[in-house]
Amino acid sequence: TITADGLFPGMVVIDAGANRGEFTRELKARFPGKYYLIEANPYLVAELRNLPEVTVLPNALTARPGPVPFHISKNPVGSSLLTLPTESVWGSTLDHTEIVTGITLEQVLDWINEPRIHLLKMDIEGAEIEVLHNIPQSRLEIIDQVTVEFHSAPEFGFDLARPVEQVIRRLRQAGFVAMDFSRGTRIDVLFLNRRKFQIPPWRRLVWRLRNARPPWLNSLWQRVPHQLRWRFYGEDRLPPE
């Protein structure tokens, strides 16, 4: 999930974990600009290079630079720097391992050399934990919004529940408002930079409660009609129950 507020032709976008480029293609059709696609899977990189007017970095986004083992999944969507599970409902088990070059987000920002990143999308199968934990706050501050698919849900098999919560807390402390659109599974979390977006205190509190509701409040909240719940959050679409 992203917000179109602040997006415009000519903006700068980093698509980390670009896969086959679906996210970039869809967004670029509306907002032409500078798109930097990062993808570690060499079998997908060749496909990405066919996209017009984008820059493709054939690297793994990591906490430290240098060669790293990258585990290619039988389902390419599930390839990861992390050890893959022996069983997976999506078929994301190990096919083979290749050595790829790891680069840090700070290195990417230095190379891009832009004063402002309007959108960072991150779907890197568990590696987002170390990347977001290690990026200096001064570099985070130039990013308007970050949309992340975290991988703490049990079906991913990575045991990342606590590290994900620590990273979310770290981004909040760095000045971002966290908005979980996945009802607590953390697979669709949007972070908005409060320096770039005017978010009133009451709405920040609403999202804080939504992201980490105590059990008693969650039970009470479920009694509120679905349409009223969604309008309360200020969202313009109703997801399926």
Side-chain angles (χ1 to χ4, degrees), residues 1-19 21-39 51 53-57 61 63 103-124 127-150 164 166-182 186-208 210-211 233-237:
T1 298
I2 65 172
T3 176
D5 293 346
L7 301 186
F8 55 89
M11 66 182 182
V12 180
V13 177
I14 298 175
D15 183 352
N19 198 256
E22 297 94 336
F23 179 87
T24 286
R25 270 196 295 265
E26 197 166 323
L27 192 63
K28 191 169 177 291
R30 293 182 58 191
F31 303 104
K34 299 179 182 179
Y35 284 77
Y36 299 89
L37 281 61
I38 306 172
E39 176 55 55
L51 294 178
E53 300 177 337
V54 301
T55 300
V56 179
L57 284 70
L61 200 58
I103 57 174
T104 68
L105 182 54
E106 192 169 10
Q107 285 180 310
V108 173
L109 295 175
D110 286 340
W111 181 72
I112 291 175
N113 195 29
E114 293 282 352
R116 183 176 179 184
I117 306 298
H118 299 91
L119 172 62
L120 166 62
K121 169 253 183 179
M122 189 171 289
D123 182 6
I124 52 177
E128 67 276 358
I129 302 298
E130 286 202 353
V131 171
L132 291 173
H133 181 74
N134 286 280
I135 183 72
Q137 179 165 332
S138 60
R139 309 313 298 273
L140 278 173
E141 290 175 357
I142 71 169
I143 305 173
D144 290 5
Q145 58 178 304
V146 185
T147 182
V148 186
E149 179 180 291
F150 286 110
V164 165
Q166 291 172 342
V167 166
I168 291 175
R169 184 162 56 250
R170 196 237 163 170
L171 265 69
R172 285 200 192 104
Q173 293 170 348
F176 287 81
V177 174
M179 300 178 173
D180 183 353
F181 290 90
S182 56
R186 306 307 199 214
I187 63 172
D188 183 10
V189 182
L190 175 65
F191 297 92
L192 297 183
N193 191 332
R194 289 169 52 190
R195 301 169 188 83
K196 310 296 183 182
F197 295 91
Q198 298 300 316
I199 305 173
W202 69 268
R203 180 156 288 178
R204 297 202 300 267
L205 176 60
V206 165
W207 278 104
R208 185 68 179 267
R210 178 179 180 177
N211 291 338
Y233 287 127
E235 298 163 23
D236 59 2
R237 59 184 173 86

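Residue numbers run from 1 in the order of the sequence given.
When atom types are taken as modelled, the side chain of Arg170 and the backbone of Leu132 share a donor-acceptor pair closer than 3.5 angstrom. Side-chain atoms of Glu39 come within 3.5 Å of backbone N or O of Asn19 as a donor-acceptor pair. Arg204 places no side-chain N or O within donor-acceptor distance of the main-chain N or O of Val177, the cut-off being under 3.5 Å. For Asp188 (side chain) and Phe181 (main-chain N/O), no donor-acceptor pair under 3.5 Å exists by modelled atom type. A donor-acceptor pair is defined here as one N or O able to donate and one able to accept, closer than 3.5 Å; such a pair exists between the side chain of Gln145 and the backbone of Thr3. Proximity of a side-chain donor or acceptor of Lys34 to a complementary backbone N or O of Thr55 within less than 3.5 Å is not detected. Between the side chain of Asn193 and the backbone N or O of Ile142 there is no donor-acceptor pair closer than 3.5 Å.
The CG atom of Leu192 sits 4.5 Å away from the CE atom of Met179 when rounded to the nearest 0.5 Å. The CG atom of Leu171 sits 11.5 Å away from atom NE2 of His133, with the distance rounded to the nearest 0.5 Å. Rounded to the nearest 0.5 angstrom, Phe191 CZ and Phe197 CZ are separated by 14.0 Å. If you take CG on Leu37 and NZ on Lys28, they are separated by 10.0 Å, rounding to the nearest 0.5 Å. The line from CG of Leu120 to CD1 of Ile135 is 9.0 Å long, rounded to the nearest 0.5 Å. Taken from CZ in Arg139 to CG in Asp110, the straight-line distance is 4.5 Å, to the nearest 0.5 Å.
Residues passing the side chain to side chain contact (heavy atoms under 4.5 Å, CB included) test with Glu130, sequence neighbours excluded: Ala63, Arg64, Asn134. Judged as a ring-ring contact (aromatic ring centres under 6.0 Å, His included), and not counting sequence neighbours, Phe31 has no contacts.
Aromatic ring orientation, Phe8 versus His118: perpendicular (interplanar angle above 60°, classes split at 30° and 60°).
Contact of the Leu119 side chain with the Asp144 side chain is not registered, since no non-hydrogen atoms from C-beta on lie closer than 4.5 Å. Here the side chains of Asp15 and Tyr35 are not in contact, with every heavy-atom distance at 4.5 Å or above. A 4.5 Å side-chain heavy-atom check between Leu57 and Trp111 finds at least one atom pair inside the cut-off. With a 4.5 Å cut-off on side-chain heavy atoms, Met11 and Leu27 count as touching. Within the 4.5 Å cutoff, the side chain of Leu109 has heavy atoms near those of the Ile14 side chain. In this structure, the side chains of Ile2 and Phe23 come closer than 4.5 Å at one or more pairs of heavy atoms. In this structure the side chain of Asp180 never reaches within 4.5 angstrom of the side chain of Ile168, judged on heavy atoms. The side-chain heavy atoms of Val148 and Val167, taken from C-beta on, include no pair separated by under 4.5 Å.
Listed here is the closest heavy atom pair of Ile124 and Gly17: CG2-N, 3.7 Å. Scanning both residues, Gln137 and Arg195, for their nearest heavy atoms gives NE2-NH2, 3.9 Å. Looking at every heavy atom in both residues, Leu61 comes nearest to Leu105 through CD1-N, 3.8 Å. The two residues Lys196 and Glu141 make their nearest non-hydrogen contact at CE-O, 4.0 Å. Ala178 approaches Trp207 most closely through the heavy-atom pair O-CB, 3.8 Å. Closest heavy-atom contact between Ser182 and Ile187: OG-N, 3.1 Å.
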Exercise. I would like to know whether Val164 and Ile129 meet side-chain contact (heavy atoms from CB on, under 4.5 Å); could you show each step before the answer?
Key: CA-CA 6 Å; Val164 165; Ile129 302 298; 3.4 Å; yes

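Counting heavy-atom neighbours within 6.0 Å of Glu53 CD, excluding the residue itself, gives a total of 12 or less.
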